[in-house]
Structure formats: C-alpha cells, structure tokens
Asks: 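Got a structure for you, written out below as structure tokens; questions coming shortly.
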Amino acid sequence: MRTLVIGGAACGKSEYAEALAAVQPEPRYYIATMMPFSREDYLRIEKHRLQRAEKGFITMERFTDLKGLVLPQRGTALLECLGNLTANELFAEGGAGEDGAYDAVTSGVLALEAQCSELVVVTNDVFCDGVRYPLETQRYIDILARVNNTLAARFERTVELVCGIPLPVKS
Amino acid sequence: MVLVIGGIASGKREYVKKYLGYTDEDMADAVLDDRPVVYNVQDIVFSGSVPDDVLLEKLLEKDVVICNEVGSGVVPAEKKERAAREAAGRLCVALAEKADKVVRLYCGIPLVIKGA
C-alpha cells in the first residue's frame, strides 16, 4: 500500500504518517529530507526525532537524488517530506535545478516504492494562501503541485490532515 | 465546544448563524469576553497577547470557536510569522481533539469532520 499524506503547517500530518508507518512491517526506514541551516531547523529536527523515538524507525537522511538511495532491506519507508525534497532539488547545491526537479522527485519516489512493501509519503499543501509569489517561489509551488498530483494519481490512498483529523481524499 | 474552521470567507460565521442559531451579537471578533462565540482566533494567536495554554483553556469554555485555516501556504520568510503559523496550527489540533464537533467550511458547504 502506498499512502500520500498531505496538509498545511502544523496540522498533525507527521504524527499521523508516523502512526500509520509504525504498525507496518519492519525494518521501518524514516527518510528525512530537511537540510538544516539554522538553530530553528536543528530544533525542528530534534523535535521530530523525539516524536518518533519509540516507534522503531531507522533514520536515513537524504537531501537530493532520492533515486540513488538504497534501502538495506525490504520493509516500510516513511518519506518526509516532498516540500523539502522539492525545495532541495530546486534551490540547493547539487540539486537537479529548475528543469530537473520534478523528475528527480517523482523518479526518486518511484525508486523508493520499488524497494519497500509499504510506503508513506508526507507532502505539503502550500497552495491555499492566496498570495502571488515571486517567479522563483511560484515555480516551486508549481513543481510541488505537479509532484503531488502525480503521486496522488498513482498511490492507492491519499489522506488530508485537518486539525489532526485525517480526511480521505482517495481511498 | 464546536470548532469551525475553513479558509477566508468560506462561510464559517454564516454556518454558525444558520445551523447553530447564534446571532452577530453572540460573536466576538478576536477578543475573549462573555460572548459564547469567538471568531478570527488566528488573530489572537498572531497578536501574541494571550499565552498559548491560557488561550486554549479559555477557548475550551466557549460554545463555538471559529478559526481560519492558515497553514496551507509557502513557509513564511519571517521567523515570527513561521512561529505564529505553527502556533495557530497546533492550537487547532488541540482544540479539535477536545471539541465535541469539528466542522470545516469549504465553498460555503459544511463538512462535519468530527462528531455528529
């Protein structure tokens, strides 16, 4: 089963995704995508680490080129999150850049999917604040939207988190 | 307590009037007073005028709490805005957990996402 978990900031999507993955077969890999730059970032990573500490995940960090990631064994993978992965591919050094970001992220998820029996992917809803952003940001929004749409079409299940409540979008 | 959420102008107050029977006089705009309904709760969070735990406690005493969904945008560049957005999201998760009923307005249509 492949599940896409989507929601805005602080809506409880990580907790939900972790709970979902934590009852799936071991080994359970948590693929972290956040490239830390600041103290705030490190605190956020620490918070997430503590949150999943007792849930039996093996953490693997991967900031770009998800396609090249090799899982040691077949099991469950939780990828968090596509918002960061897409930003890394677009903006970070070593990323695929504007022309390659969409393919890098989607082919990365497909490669991951081929290596596990259960997959949970967390993504972000960044589409509903009604703000018109500068071109660079707008490109990011467009690419992330395309990634989300592709994966939602492909996966068996898509769940939106609202105030901690899971709402089925596709099941 | 009933928690009513949704985007800007999605019909949240209209819902509270039409389906829950409250009037404009019952509704406080981003202030905590004796009125049974409070709306624009995100503005209370953003102002930082009430500590998070006190705010949660006061809101749980209300009949109806109305809050805009504010998390579905690009991560704000300003640290303060990021923290405020995070706080508003966390508050709504905590409110939803305790609420008897959670209603999400979308295009004016109420979706009951918790309770009956």
Side-chain angles (χ1 to χ4, degrees), chain A residues 6-16 19 33-35 37-41 43-44 47-48 51 81-84 86-88 90-91 122-145 148 159-169, chain B residues 1-10 12 41-42 45-46 52 56 59-60 65-107 109-116:
Chain A
I6 186 163
C11 68
K13 56 190 182 305
S14 297
E15 291 89 335
Y16 176 80
T33 59
M34 188 177 177
M35 210 180 252
F37 292 105
S38 62
R39 187 164 175 272
E40 185 185 340
D41 294 344
L43 288 173
R44 191 171 185 83
K47 186 193 134 199
H48 277 246
Q51 194 175 289
C81 63
L82 298 183
N84 279 326
T86 302
N88 296 343
L90 247 183
F91 304 122
V122 177
T123 193
N124 308 78
D125 178 352
V126 300
F127 314 105
C128 299
D129 60 1
V131 179
R132 199 74 197 164
Y133 289 94
L135 195 59
E136 200 182 34
T137 310
Q138 210 59 49
R139 270 194 205 108
Y140 165 74
I141 296 171
D142 288 344
I143 292 170
L144 183 58
N148 286 347
V159 182
E160 182 190 11
L161 265 287
V162 179
C163 303
I165 298 164
L167 305 179
V169 176
Chain B
M1 185 268 290
V2 178
L3 175 65
V4 179
I5 51 147
I8 294 167
S10 57
K12 300 182 290 299
V41 163
Q42 75 286 346
V45 178
F46 294 167
D52 291 350
L56 176 62
L59 291 174
L60 290 172
V65 176
I66 306 176
C67 189
N68 284 358
E69 285 183 72
V70 298
S72 297
V74 173
V75 179
E78 292 296 321
K79 186 176 180 177
K80 210 179 147 197
E81 285 177 33
R82 285 197 295 276
R85 194 174 75 139
E86 189 80 16
R90 290 287 150 214
L91 177 68
C92 281
V93 173
L95 286 168
E97 204 182 341
K98 296 271 169 65
D100 304 304
K101 183 171 172 171
V102 180
V103 184
R104 183 194 213 191
L105 269 289
Y106 206 76
C107 303
I109 295 165
L111 301 172
V112 178
I113 62 174
K114 180 187 173 184

Asks: Which atoms of A:Val131 are under 4.5 Å from chain B, going by heavy atoms: the side chain, the backbone, both sets, or neither?
Replies: neither
Asks: Identify which part of A:Ser38 has an atom lying under 4.5 Å from any heavy atom of chain B, answering side chain, backbone, both or neither.
Replies: neither
Asks: Measure B:Ile113 against the heavy atoms of chain A and call it side chain, backbone, both or neither at under 4.5 Å.
Replies: both
Asks: Take atom NZ of B:Lys79 as the centre, draw a 6.0 Å sphere, and report whether it contains more than 12 heavy atoms from other residues, nucleotides or ligands.
Replies: no
Asks: Identify which of B:Arg90, B:Arg85, B:Glu97 forms the greatest number of heavy-atom pairs closer than 4.5 Å to chain A.
Replies: B:Arg90
Asks: So which heavy atom on B:Ile5 is nearest to which on A:Cys163, and how close?
Replies: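 Minimum heavy-atom separation between B:Ile5 and A:Cys163: CD1-SG, 3.6 Å.
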Asks: Could you tell me which portion of A:Glu160 (side chain, backbone, both or neither) has an atom closer than 4.5 angstrom to a non-hydrogen atom of chain B?
Replies: side chain
Asks: Just verifying a value: how many Å separate A:Ile165 CD1 and B:Leu3 CG, rounded to the nearest 0.5 Å?
Replies: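 Between atom CD1 of A:Ile165 and atom CG of B:Leu3 there are 7.5 Å.
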Asks: Pick one of side chain, backbone, both or neither for B:Val75, based on which atoms fall under 4.5 Å of a heavy atom in chain A.
Replies: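 No part of B:Val75 comes within 4.5 Å of chain A.
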Asks: Taking everything shown except B:Tyr106 itself, do over 12 heavy atoms lie less than 6.0 Å from its OH?
Replies: no
Asks: Quick one: does B:Arg82's side chain get under 4.5 Å of A:Arg44's, heavy atoms only?
Replies: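 No, their side chains stay 4.5 Å or more apart.
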Asks: Which heavy atom of A:Asp129 sits nearest a heavy atom of B:Val74, and at what distance?
Replies: OD2-N, 3.5 Å
Asks: Looking only at heavy atoms, which two atoms of B:Val93 and A:Gly12 are closest? And how far apart?
Replies: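 In terms of heavy atoms, the two residues are closest at CG2-N, 4.3 Å.
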Asks: Below 4.5 Å, heavy atoms only, C-beta onward: do B:Arg104 and A:Leu167 meet side chain to side chain?
Replies: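 In contact.
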Asks: Only pairs of heavy atoms separated by less than 4.5 Å count here; which of B:Ala88, B:Gly89, B:Cys67 has the most with chain A?
Replies: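 The candidate making the most pairs under 4.5 Å is B:Gly89.
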Asks: Within a radius of less than 6.0 Å around CD1 of B:Ile8, do more than 12 heavy atoms belonging to other residues, nucleotides or ligands occur?
Replies: no
